[in-house]
Number of protein chains: 2
Amino acid sequence: MIKCHLSKLMGEKKLKIVDVARETGVNRGTVTRLYHETASRVELETIEALCRYLGCDVGDLFEFVDEQ
Amino acid sequence: MIKCHLSKLMGEKKLKIVDVARETGVNRGTVTRLYHETASRVELETIEALCRYLGCDVGDLFEFVDEQ
DNA sequence: GCATAATGATCTTCAGGAGGACATTTTGAA
DNA sequence: TTCAAAATGTCCTCCTGAAGATCATTATGC
């Protein structure tokens with residue numbers, strides 16, 4: 001599965017969902033879905049905005065977890 | 001921007017688009033879009049299949065390139 | 001206690017990926 | 001070189017889910 005670490009990254013910086021949505025321009029519903037890992041599709045634009053805002057790379061945000 | 005290194009990864013292994021599509025179960029059109037970097041949205045399921053098949057992590061497949 | 005902010009949940013709209021079909025190009029064997 | 005099969009590019013339709021807005025509920029702090 002692909003694990004999204006947005007909640008962890010946000011937690012480390014004590015960020016709120018509204019903060020991330022407001023500062024990145026990404027829709028709040030989208031941030032919420034990624035935060036709770038209920039998203040199954042992502043816009044590359046969204047990934048870019050989050051990486052830029054969080055100062056991280058794609059690999060920090062998403063991780064491939066092999067669970068055969 | 002978010003750069004997709006699928007073409008590079010495929011080139012290193014001398015893989016064809018059909019190979020990747022057939023082996024991963026991902027639609028050929030989707031592989032083509034990622035190969036030519038014309039995709040703007042990705043299914044997490046697709047990323048998972050590609051990572052598993054290529055034996056790489058998400059960060060190897062997608063890279064955040066800051067170009068302010 | 002109350003006002004404000006934050007979050008969760010739901011609905012509609014719509015862009016674009018998924019999947020399939022067809023045309024064209026490339027490849028390789030005869 | 002010729003021809004058939006494979007690979008790729010392109011176009012079309014369908015359908016999912018992000019985007020955006022709104023409302024109800026919960027949390028925060030003054």
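Keep in mind that what you see is a predicted model, and the values were worked out from it rather than measured. Each chain gets a letter, A, B and so on, in the order its sequence line appears, and its residues count up from 1.
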Does a side-chain N or O from B/Thr46 land closer than 4.0 Å to OP1 or OP2 of C/dG17, or not? no
Atom CZ of B/Arg22 and atom P of C/dG19 are separated, to the nearest Å, by 16 Å
Of C/dG16, C/dG20, C/dA6, the nucleotide closest to the side chain of A/Lys16 is C/dA6
When rounded to whole Å, the OH to P distance for the pair A/Tyr35 and D/dA18 reads 18 Å
Closest heavy-atom pair, B/Val58 versus A/Glu63, reported as atoms and distance to 0.1 Å, is CG2-C, 3.9 Å
To the nearest angstrom, the CG-C1' distance between A/Asn27 and D/dT22 comes to 12 Å
* **Expected output: side-chain A/Glu48 to main-chain B/Met1 donor-acceptor under 3.5 Å** => yes
Side-chain atoms of B/Thr30 come closest, of C/dG17, D/dA7, C/dT7, to C/dG17
**Report entry** Distance test, side-chain N/O of B/Arg33 to OP1/OP2 of C/dA18, below 4.0 Å
**Finding:** yes
Against the side chain of A/Arg41, the closest entry in C/dG19, D/dT10, D/dT16 is D/dT16
Taken to the nearest whole Å, CD1/A/Ile17 to P/D/dT28 is 13 Å
Taken to the nearest whole Å, CD/B/Glu45 to C1'/D/dA18 is 17 Å
Would you find a donor on one side and an acceptor on the other, under 3.5 Å apart, between the side chain of A/Glu37 and the backbone of A/Cys4?
yes
Is any NZ, NE, NH1 or NH2 atom of the basic residue among A/Glu43 and B/Arg41 found under 4.0 Å from an Asp or Glu carboxylate oxygen of the other?
yes
Of all heavy-atom pairs linking B/Leu6 and B/Tyr35, the shortest is CD2-N, 3.9 Å
To the nearest angstrom, the CG-C1' distance between A/Leu34 and C/dT7 comes to 16 Å
(request) Answer yes or no: side-chain N or O of B/Arg28 and base N or O of D/dA7 forming a donor-acceptor pair under 3.5 Å. (result) no
B/Glu43 CD to D/dC15 P, in whole Å, measures 15 Å
Rounded to whole Å, NZ of B/Lys14 lies from P of D/dA7 at a distance of 17 Å
>> Is there a side-chain contact between A/Ser40 and the phosphate of D/dG17, meaning an N or O under 4.0 Å from OP1 or OP2?
In response: yes
Side-chain contact check for B/Thr32: nearest option of C/dA6, D/dT10, D/dA7 is D/dT10
